[in-house]
Amino acid sequence: MSINRDTVEEFWSYQDITTAYKNADEGSLMKFSREFSRFLGVSENSIHLTSSGKSALEGLLNSRKDKRSVVMVAALNCNRVKDAIHAANCEIKTYDFQYEAGVFDWDLVFEAVTHEVGVLIVTHLYGVPVDLRRVRDFCTVHGIMLVEDCAQTLGGYVAGRQVGTWGDAAIFSFSYDKPISLGWGGMAVVNAPHMFVSANNISDYSSSLDPSREFDFLRSFIESMVARRSRIRANGKGISSIFYRVYNKLHRSASFDQDIVIGAIQAELGVYCLKHFPQIRLRRNANADLFSSLCPFPTWPITNEDIEPAWLKQKVFVSSPKNLESISRKLIKKGIRAGNFNWPNLMDEKSLHTCPISSQVASSWMDVPIHQKMERHEIEYMASIIREHI
Ligand SMILES: *Cc1c(COP(=O)(O)O)cnc(C)c1O
């Protein structure tokens, strides 16, 4: 095999951005918001485009009516969630899985809720929805804002209802390793407007992006992804994102003082992605199922029969760090980027001892690509390498 397979990959190419560039106009952002609201089945004015998932969360926290400052959030999380919470002058209180990875004992989480807790965030990791039915009821009864973090999960369902529609609000991300990559960008969805002072401040739009500049950004994005992937074999796990270097350089030379906003070309690309997403989701789900059927070690659990995933990546538990390292090294040598990436540490170091199961996921579970480009023989190959380490 001489291919390069990133852990997660977007499903558009240079050709698609040139088409999107042609179609882009003043109506594109509205069009994308409308298509996204249709996809979720929510009203169009619930949708707020932002520069990132982080800024969506920050905007939501800042626009709340309620001022209680503690935000409860799963310990295994993205650092950018911590940054958003701190940027909104709130405090983090983490909660852990119970008994096993991916499973929560909500009674224990609810017991830990104090009077200062104003927000509870449920994070749908890896494309697998968390069963949040009891959380929904608890938050309604206690007047706590429920926010769904859907950065990694688009198009998953709990009991026939889509993730992103259970919470009082939700965030999505369009960064490079998310269900729909648009290079960068994010979105807040507000389902309970009465809980917010004004939803108008959620978007962090300062100015709009000139389409020719936006096109340049997108082109550098694609180029940096090609470069990144061509170096998978050479670099192993510590791949630095060239994109962020390019991005930061361009960013600083522009006169924005905030993160870069979603532009009209990205919006057109987003419309394209939404249209093709159901097909992509089927392929990713089939690959994830195939992998877990072949894998001798535990893969990420789906805790209930009425939970429908939209897999982003698979996870596998490898109890011996030496074996994890060896499996990862072998796969990377073949150009398949699998390993202990998201995330090797907990968001908040204080949780290291208080959240032992999340700590174990951070240290002993690896990410496995199952995206639309992965072919059957590649999935079988990954499983065969893992089987050598039983
Ligand atoms: C990526 C991610 C975010 C942040 O999204 P950005 O667009 O990178 O700011 C938030 N939460 C989770 C779970 C994520 O994976």
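Computed over heavy atoms, backbone and side chain alike; hydrogens, waters and symmetry mates excluded. All ligand and atom numbering here is 1-based and tracks the order in the structure. Remember, predicted model here, so these are calculated numbers, not experimental data.
The salt bridge (Lys or Arg N to Asp or Glu O under 4.0 Å) search around Lys31 returns Glu268, not counting sequence neighbours.
Ion pair Asp83/Lys54 not flagged as a salt bridge, since none of the NZ, NE, NH1 or NH2 atoms sits closer than 4.0 Å to an Asp/Glu carboxylate oxygen. A salt bridge links Arg133 to Asp306: one of the charged nitrogens lies within less than 4.0 Å of a carboxylate oxygen.
Residue-ligand proximity: Phe172 is placed with every non-hydrogen atom at 4.0 Å or more from ligand 1.
Listed by atom number, the atoms of ligand 1 under 4.0 Å from Arg80 heavy atoms are 6 (P), 8 (O), 9 (O). Atoms of ligand 1 found under 4.0 Å from any heavy atom of Val81 (numbered from 1 in listed order, with element): 10 (C), 11 (N). Atoms of ligand 1 lying under 4.0 Å from any heavy atom of Thr123, numbered from 1 in the order shown and given with element: 13 (C).
In this model, a donor atom of one side chain and an acceptor atom of the other lie less than 3.5 Å apart for Arg136 and Thr140.
Counting heavy atoms only, Lys178 comes closest to atom 1 (C) of ligand 1 of the residues Met187, Glu58, Lys178. Proximity annotation for atom 12 (C) of ligand 1: of Leu76, Asp149, Leu57, Asp149 comes nearest, heavy atoms only. Nearest to atom 3 (C) of ligand 1 by heavy atom, out of Gly53, Ser52, Ser55, Cys78, is Cys78.
Between Ser173 and ligand 1, at least one N/O pair is under 3.5 Å apart. The N/O atoms of Gln152, backbone and side chain alike, include one that comes under 3.5 Å of an N/O atom in ligand 1.
In this structure a side-chain-to-backbone donor-acceptor pair under 3.5 Å is missing from Ser203 to His48.
Between Trp12 and Phe221, the ring center distance clears the sub-6.0 Å criterion.
Contacts between Lys54 and ligand 1 below 4.0 angstrom, taking non-hydrogen atoms only, involve backbone and side chain alike.
Taking hydrophobic clusters as Ile, Leu, Val, Met, Phe, Trp and Tyr residues chained together by side-chain heavy-atom distances below 4.5 Å, Trp311 shares a cluster with Met366.
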